[in-house]
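The block underneath contains the structure these notes are about, expressed in structure tokens.
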Amino acid sequence: MGKGKDDRLSELRNLIRDHDERYYRDANPSIGDQEYDLLKQELEGLEQAIDPLGLFKTDATTPVEGEKSIPQVGDDRLESFESHRHLLPMLSLDNTYDEEEFFEFDQRLRKLFGDSDLPYVVEPKIDGVAVSLTYLNGVLETAVTRGNGIEGDVITQNLRHISSLPFDLSSFDLPDVLEVRGEIFMSHEEFSRLNDNRAQEGQPLYANPRNLAAGTVKLLDPKEAATRKLEIVLYGIGSCTPESRFSNQSEFHRAIRDWNLPTVEFLKSVPSATDAWKAIQELDQRRHGYGYPTDGAVVKLDSFEMQRIAGNTAKAPRWAIAYKFESERQETFLEEIALQVGRTGAVTPVACLRPVQLAGTTVSRASLHNADEIRRKDIRVGDFVIVEKAGEIIPQVVETVPAKRKSESVPYEFPSDCPSCSSVLIREAGETAWRCPNPGCSEQVKGRLRYFSSRSCMDIDHLGEAVIDQLVDLEKVRKASDLYELKKEDFLELDGFAGKSAENLCESIGKSKQAGLSRLLCALGIKHVGSSVAKELAGRFSSLAELANASQEDLIGMDGIGAVMAESISSYFKDPDSQSMVQQLELAGVVTTRPEVDSKDLPFSGQSFVLTGALEAFSRLEATRMIEEKGGKVSTGVSKKTSFVVAGPGAGSKLKKAQTLGVEVLSEEEFVGLLGNP
Ligand code: IVH
């Protein structure tokens with residue numbers, strides 16, 4: 001083996017394993033699909049050239065010296081999740097971007113079936129997170145991720161709030177055991193909503209809806225998962241008992257649609273590969289109108305019997321192929337690399353591009369992720385670069401065009417100092433972002449103020465970015481509490497303000513004093529405290545002062561609050577700057593206590609509930625809301641302090657624990673009675 005090839009082979013294997021790990025386990029890929037597929041193709045080409053018969057090919061799971069020991073086929077499993085073995089493995093699909101290769105797939109199958117036209121189905125390839133649902137006697141038993149294809153993580157709890165997903169289908173005639181396969185995804189609207197919140201928090205943006213959906217299904221706290229709207233679409237069959245229930249894919253598709261399971265709206269049965277090719281083109285035209293992201297078409301032999309005869313390779317079926325649509329890419333000129341400093345000090349590089357048309361919009365800015373990515377791709381100011389819309393949302397710089405690089409070009413040096421306040425940037429172990437360590441940095445101050453006044457926090461109308469910039473630049477405001485000291489005259493000094501607009505802004509700032517404890521807690525921008533934790537804290541502590549005096553033990557005892565969060569909350573309130581801000585807020589008349597008419601007078605006041613097993617009449621989220629509205633609390637773990645455990649079908653360890661501890665167990669019916677009859 002030549003040394004050069006050998007090196008590249010090892011490098012490619014490492015690269016692919018790293019990308020697999022980022023994609024499947026961390027849900028945070030740094031390259032697009034096409035770039036990944038090119039690496040895979042290069043690897044396969046090299047392996048073929050070196051070892052045409054595959055005699056010396058290392059097993060994908062056997063680490064070669066210097067390589068990481070993770071399976072080459074993706075594995076999303078995490079230690080903190082319960083594992084579940086799929087009844088039938090979840091295979092991958094062979095991919096192609098090429099018309100010729102698509103027809104070669106048909107040729108291979110024709111050889112097997114006597115060289116006549118074959119009946120196929122054409123479906124969209126959904127770019128989501130693969131899931132396998134097991135229905136036992138019509139009731140959803142488990143939802144499991146793909147994992148390593150053999151065994152995945154149980155994520156049932158995190159899918160309970162998907163309103164389109166029925167958990168109980170026992171009124172229909174389902175097979176006794178049925179694995180239904182599909183994809184979980186997030187709509188563009190939901191993705192934008194969550195990213196708007198991130199932007200306001202000065203946090204790096206999520207790259208695309210797929211990664212966010214993948215991260216959401218793997219949240220440890222189902223309550224947190226319920227705050228991000230997931231959706232599901234189902235297309236495939238896994239194990240089925242009795243086996244003979246369906247004879248082809250079209251029939252299976254009709255059945256799941258009749259049971260009200262969400263299915264793809266494009267499923268074309270065609271008599272030949274030529275017609276399948278036409279259907280692929282039609283799908284490409286229509287797919288942008290679908291509610292889910294698609295990155296290709298999947299062509300499958302329609303008949304299950306023919307699928308069985310064609311069989312599978314170790315990784316993928318021989319009876320199906322994914323034809324991937326080209327993601328839209330354009331070449332443009334990189335004019336500048338801008339650096340944004342967020343409210344937490346994270347410095348994010350952004351590509352400023354010569355405007356270019358991409359997938360129907362004009363793109364002039366694109367994500368560069370972080371300093372490591374710029375170095376890895378050797379992206380330089382003045383380069384021509386290729387931009388791609390990842391997940392059809394945020395444009396990314398994929399690579400540079402080296403042939404067009406000017407000879408005088410120099411590698412980009414990520415600055416060592418903050419572009420705003422010149423403090424030396426720091427990078428903590430395990431973090432990709434460089435941070436400005438100076439809390440007084442004007443960009444951080446502006447970021448914190450934008451966050452404080454944002455809709456999910458104090459919701460201050462008329463306090464836009466331009467106003468905040470001027471207030472900070474003129475040193476009228478250094479911290480959020482200073483906002484409440486401002487007078488109408490202060491605004492009149494700013495550009496664009498006249499009598500009426502100054503009055504309006506004064507009024508909105510004044511109104512925000514009544515925003516309430518939980519919004520205020522969120523607005524303070526304590527690390528790890530977003531709106532759901534803020535709500536939790538505001539439910540447990542009656543005032544900001546009480547929370548400030550709470551010990552870390554008090555905090556850790558709460559549902560959904562761990563050591564890291566408790567430490568962050570304690571250190572926030574120990575900081576003298578935070579203390580003076582809290583004092584200033586109180587003096588200004590900002591409401592820092594919970595209203596007195598609180599849960600004490602409500603029927604479930606002081607009572608805590610644990611929900612386990614399936615609920616029929618409402619989703620877990622709805623049940624939680626109803627309990628909270630009546631002043632009760634919902635926890636995930638059963639303890640002696642739990643007042644009631646509501647147990648539905650499928651309840652397991654929590655029910656047992658309740659019985660052992662002597663905690664009162666309610667059926668769903670009894671629970672409904674309690675709700676209606678306090
Ligand atoms: S069939 C054994 N159909 O794409 C057959 N898969 O890249 C495998 N996918 O693992 C699945 N849309 O998670 C099939 N209409 C569709 C699909 C689809 C998306 C996913 C699936 C698969 C992956 C392969």
Side-chain angles (χ1 to χ4, degrees), residues 19-20 23-24 27 29 32-34 36-37 40 71-76 86-97 105 109 120-133 143-150 152-153 155 179-185 209-210 213-214 217 231-240 246 248-250 252-253 256-257 261-270 276 279-280 283-284 286-287 290-304 306-308 310-325 327 391:
H19 289 308
D20 279 341
Y23 185 90
Y24 288 105
D33 275 11
Q34 243 164 306
Y36 176 84
D37 289 339
K40 291 274 270 206
Q72 191 168 345
V73 175
D75 186 352
D76 66 57
H86 303 299
L87 296 173
L88 273 189
M90 286 181 85
L91 298 178
S92 176
L93 281 172
D94 283 334
N95 275 339
T96 181
Y97 289 89
F105 152 79
L109 290 172
Y120 291 107
V121 285
V122 180
E123 304 169 1
K125 182 172 187 315
I126 300 120
D127 188 17
V129 181
V131 67
S132 178
L133 308 176
V144 181
T145 63
R146 195 178 117 100
N148 63 353
I150 304 292
D153 283 348
I155 52 161
E179 280 182 328
V180 189
R181 307 270 160 87
E183 300 275 311
I184 293 164
F185 65 96
R210 192 213 157 269
V217 300
E231 296 176 59
I232 193 167
V233 59
L234 301 163
Y235 53 72
I237 186 167
S239 177
C240 177
F246 308 103
N248 58 44
Q249 173 72 4
S250 323
F252 172 73
H253 177 258
I256 59 173
R257 202 189 46 200
L261 287 172
T263 57
V264 290
E265 52 262 74
F266 187 103
L267 185 128
K268 274 249 151 122
S269 309
V270 290
I280 291 174
L283 175 61
D284 195 12
R286 291 214 211 159
R287 67 193 178 104
Y290 300 153
Y292 37 81
T294 50
D295 59 353
V298 184
V299 181
K300 304 173 178 173
L301 276 177
D302 194 9
S303 147
F304 288 163
M306 287 167 84
Q307 291 184 3
R308 197 189 56 74
N312 307 318
T313 66
K315 272 187 355 198
R318 289 199 187 85
W319 43 265
I321 194 161
Y323 178 82
K324 300 271 284 271
F325 299 124
S327 59

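Throughout, numbering of the chain's residues begins at 1 and tracks the sequence. What you see is a predicted model; the values in this text were computed from it and never measured. Whatever order the structure lists them in is the order used to number ligands and atoms, beginning at 1.
Rounding to the nearest 0.5 Å gives a distance of 9.5 Å between CD of Glu183 and CG of Leu234.
The shortest N/O to N/O separation between Asn95 and ligand 1 does not fall below 3.5 Å. Below 3.5 Å of separation, one finds an N or O of Lys125 facing an N or O of ligand 1. Taking distance alone, with nitrogen or oxygen atoms compared against 3.5 Å, Trp319 stays at or beyond that limit from ligand 1. Residue Ala130 has no nitrogen or oxygen atom sitting less than 3.5 Å from a nitrogen or oxygen atom of ligand 1, judged on distance alone.
Side-chain contact, Glu123 with Gln249: a donor N or O sits under 3.5 Å from an acceptor N or O.
Scanning the protein for heavy atoms near atom 12 (N) of ligand 1, the closest one is Ile126 N, 3.0 Å. Among protein heavy atoms, atom 15 (N) of ligand 1 sits closest to Glu123 OE1, 2.8 Å. Of the protein's heavy atoms, Glu183 OE2, 3.1 Å lies nearest to atom 20 (C) of ligand 1. The protein heavy atom nearest to atom 10 (O) of ligand 1 is Leu91 O, 3.2 Å.
Residue-level proximity to ligand 1 for Arg181 is absent, since no heavy atom of it falls below 4.0 angstrom. The backbone and the side chain of Leu93 each have at least one atom closer than 4.0 Å to an atom of ligand 1 (non-hydrogen atoms only). Contacts of Lys300 with ligand 1, taken as heavy-atom pairs under 4.0 Å, involve the side chain alone.
Contact detail for Val122 and Val270: the closest heavy-atom pair is CG2-CG2, 4.3 Å.
Heavy atoms of Pro317 approach ligand 1 to within less than 4.0 angstrom. At a 4.0 Å cut-off, at least one heavy atom of Pro124 sits close enough to ligand 1 to count as contact.
Relative to atom 18 (C) of ligand 1, the option among Tyr235, Phe185, Tyr292 with the closest non-hydrogen atom is Tyr235.
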